[in-house]
Structures are given as structure tokens and as C-alpha cells.
Amino acid sequence: MSKKLITLTMLALFLLTLAISGCGQQPSQSAKVLKVGAETTFPPFEFQDDKTKDYVGFDVDLMKAIGKQLGYEVEIVSMGFDGLIPALESGQIDVIASGMSITPERQQKVTFSDPYYKSGLSIVVKKADTAINSFKDLEGKRLATQIGTTSAEEAKKIPNATVREFNSPSEAFLELQAGGADAVINDLPVNQYYLAQGGNKEAKLIGDILNSEEYGLAISKKNNELTQKINTALAELKKNGEYGKIYEKWFGKKPE
Ligand code: GLN
């Protein structure tokens with residue numbers, strides 16, 4: 001073998017080694033993206049960080065952790081709460097992570113993951129209000145809620161109440177502040193967060209809690225494989241302590 005041929009052969013081998021090791025380092029496909037739909041004005045579950053403009057919150061961290069387990073990159077697609085299930089049905093998004101309560105009506109259209117958060121509905125009124133102390137006292141009152149939610153459904157059941165449905169809980173709180181509503185009905189943890197973030201200067205929480213609701217991630221009925229993967233990842237995160245860490249980060253206490 002001539003020297004030149006040896007050099008060329010070695011060079012070829014060297015290049016081949018590089019190519020093979022390169023393949024090992026990079027995934028053969030670029031990372032898969034999981035499109036996650038959310039109504040992003042629902043702190044502390046999903047909201048936009050004032051400074052970075054990134055979507056943050058308990059659901060966002062949980063979805064990112066699930067994505068990591070399953071080898072997906074997570075992309076948050078922000079939309080109105082009442083648009084989430086239609087978007088899932090049309091394939092515009094893969095999962096809903098939006099503090100969505102598991103209800104029999106919704107279960108007819110989507111598949112829910114195992115529950116990941118225990119919630120309930122509660123009432124916020126003006127601080128000076130002494131007339132409203134329970135859900136019973138809401139009869140005939142002007143109520144502000146968020147469109148498409150379990151709160152809106154419950155509000156509509158209250159006799160003689162006037163119900164206004166807003167696109168976001170923050171608009172409902174503004175209506176209360178402005179005197180256009182007597183009470184806001186909304187998910188308890190979101191009410192608590194609103195009050196803790198300064199809302200308690202003007203408003204207060206009523207102790208009465210209605211319904212025990214559980215949040216689930218929603219997946220298309222056609223995508224059983226994804227539902228199973230998500231449930232497996234969720235169970236693993238609960239087991240390995242990651243779920244507990246995320247829970248403590250956003251709620252300041254250990255999961256119940
Ligand atoms: N948990 C409530 C529901 O499912 C509200 C959710 C929300 O507004 N993001 O209707």
C-alpha cells in the first residue's frame with residue numbers, strides 16, 4: 001500500500017468515526033414538539049411573566065416536566081378557555097393544561113389524564129361587604145365569572161342572579177372593583193393567589209367552598225397512546241419527587 005493510500009484510508013476512517021459519533025450525540029430527528037393549549041391569565045397555574053413574557057405557572061412547569069420525561073419540547077399555545085376543547089378536537093393542539101376541571105360533560109368530548117390537582121369554587125366580594133357570606137347569599141346578586149368554566153355553570157344555577165361571563169378572571173375581578181358586580185365566582189387557588197398578590201386591599205374571600213373539583217390534562221379521544229404516556233410520566237413525577245417540588249414552588253406547601 002502506498003503511503004498516500006494509507007493516509008487516505010486513515011482519513012476516511014477518521015471521518016467515518018466522526019460521522020458515527022456525531023449521530024450518537026444528536027437525535028436522529030429534531031426534538032418532537034408537544035403543543036399545549038392554555039388560557040394564560042389563570043395564575044398561579046398559567047400566566048405570562050411580566051418581565052420575560054414567558055408563560056409560567058404550575059401547569060407550565062408540570063407540562064415541561066412531563067415533556068422532558070417523554071422526550072418532547074413543550075410549546076404553549078395561548079387561547080380563550082372556551083376555545084380549548086374545539087382546538088383539541090381539530091388537532092390544533094395536542095394537550096390542554098389549563099386548570100381544567102374533570103367534568104362528565106367534558107369527558108364526552110375529551111379524555112382526561114389522571115387528576116393532578118384538587119380544587120373547588122369560591123367567592124370573592126368587596127372587603128366592606130357583609131351581606132354575602134355563603135353561596136346561598138348569592139341569590140338575586142350580580143355575578144362575574146369566566147366564560148366556559150365550571151364557575152359560570154354554577155353561577156347560572158343560582159336563582160335570580162345576573163351572570164356576566166368574562167374572558168379572564170382578571171376582568172371579572174375588575175368588574176367587582178368597579179362596582180359592576182357583587183361577587184366573583186372562580187377557582188379557589190386562583191382567588192387565593194389574586195388576593196395574596198394585592199387584591200386583598202379591596203376584596204376578600206368567603207370561606208364557603210363549593211364542589212370539590214379535580215384538574216386533569218385533556219387529550220384527544222383519538223390519541224390514547226399520548227394519554228397513556230402522560231399518565232405514566234405523571235405517576236413517575238409523583239414518585240420521584242419532581243411533582244412535589246413543582247407544587248411547593250407555586251403553592252408554598254407540600255401536596256395534600
Ligand atoms: N377549573 C375551572 C374549569 O375547568 C376553571 C378553569 C380556568 O378558568 N382555566 O372550568
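Treat the numbers as computed from the prediction; the structure is a model and nothing was measured. Numbering of ligands and ligand atoms starts at 1, following listing order.
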Legend entry - Pair Thr145, Ser151: side-chain N/O donor-acceptor within cut-off below 3.5 Å: no
Inset, instruction - Just jot down the salt bridge (charged side-chain N to carboxylate O under 4.0 Å, His left out) partners of Glu139, sequence neighbours excluded, or say none. - result: none
Inset, instruction - May I ask you to list the residues sharing a hydrophobic cluster with Ile93, side-chain cutoff 4.5 Å, ordered by chain and number? - result: Val77, Met79, Phe81, Leu84, Ile85, Leu88, Ile96, Met100, Ile102, Val110, Phe112
Inset, instruction - Tell me the residues surrounding ligand 1, counting only those with a heavy atom closer than 4.0 angstrom, sorted by chain and number. - result: Phe42, Phe81, Ser98, Gly99, Met100, Ser101, Arg106, Gln146, Thr149, Thr150, Asp187, Tyr215
Legend entry - Charged N-O contact under 4.0 Å between Lys35 and Asp94: no
Legend entry - Non-neighbouring partners of Glu248 that pass salt bridge (charged side-chain N to carboxylate O under 4.0 Å, His left out), sequence neighbours left out: Lys254
Inset, instruction - List the steps, then state whether side chain to side chain contact (heavy atoms under 4.5 Å, CB included) holds for Asn240 with Lys245. - result: CA-CA 10 Å; Asn240 71 14; Lys245 269 192 213 151; over 6 Å; no
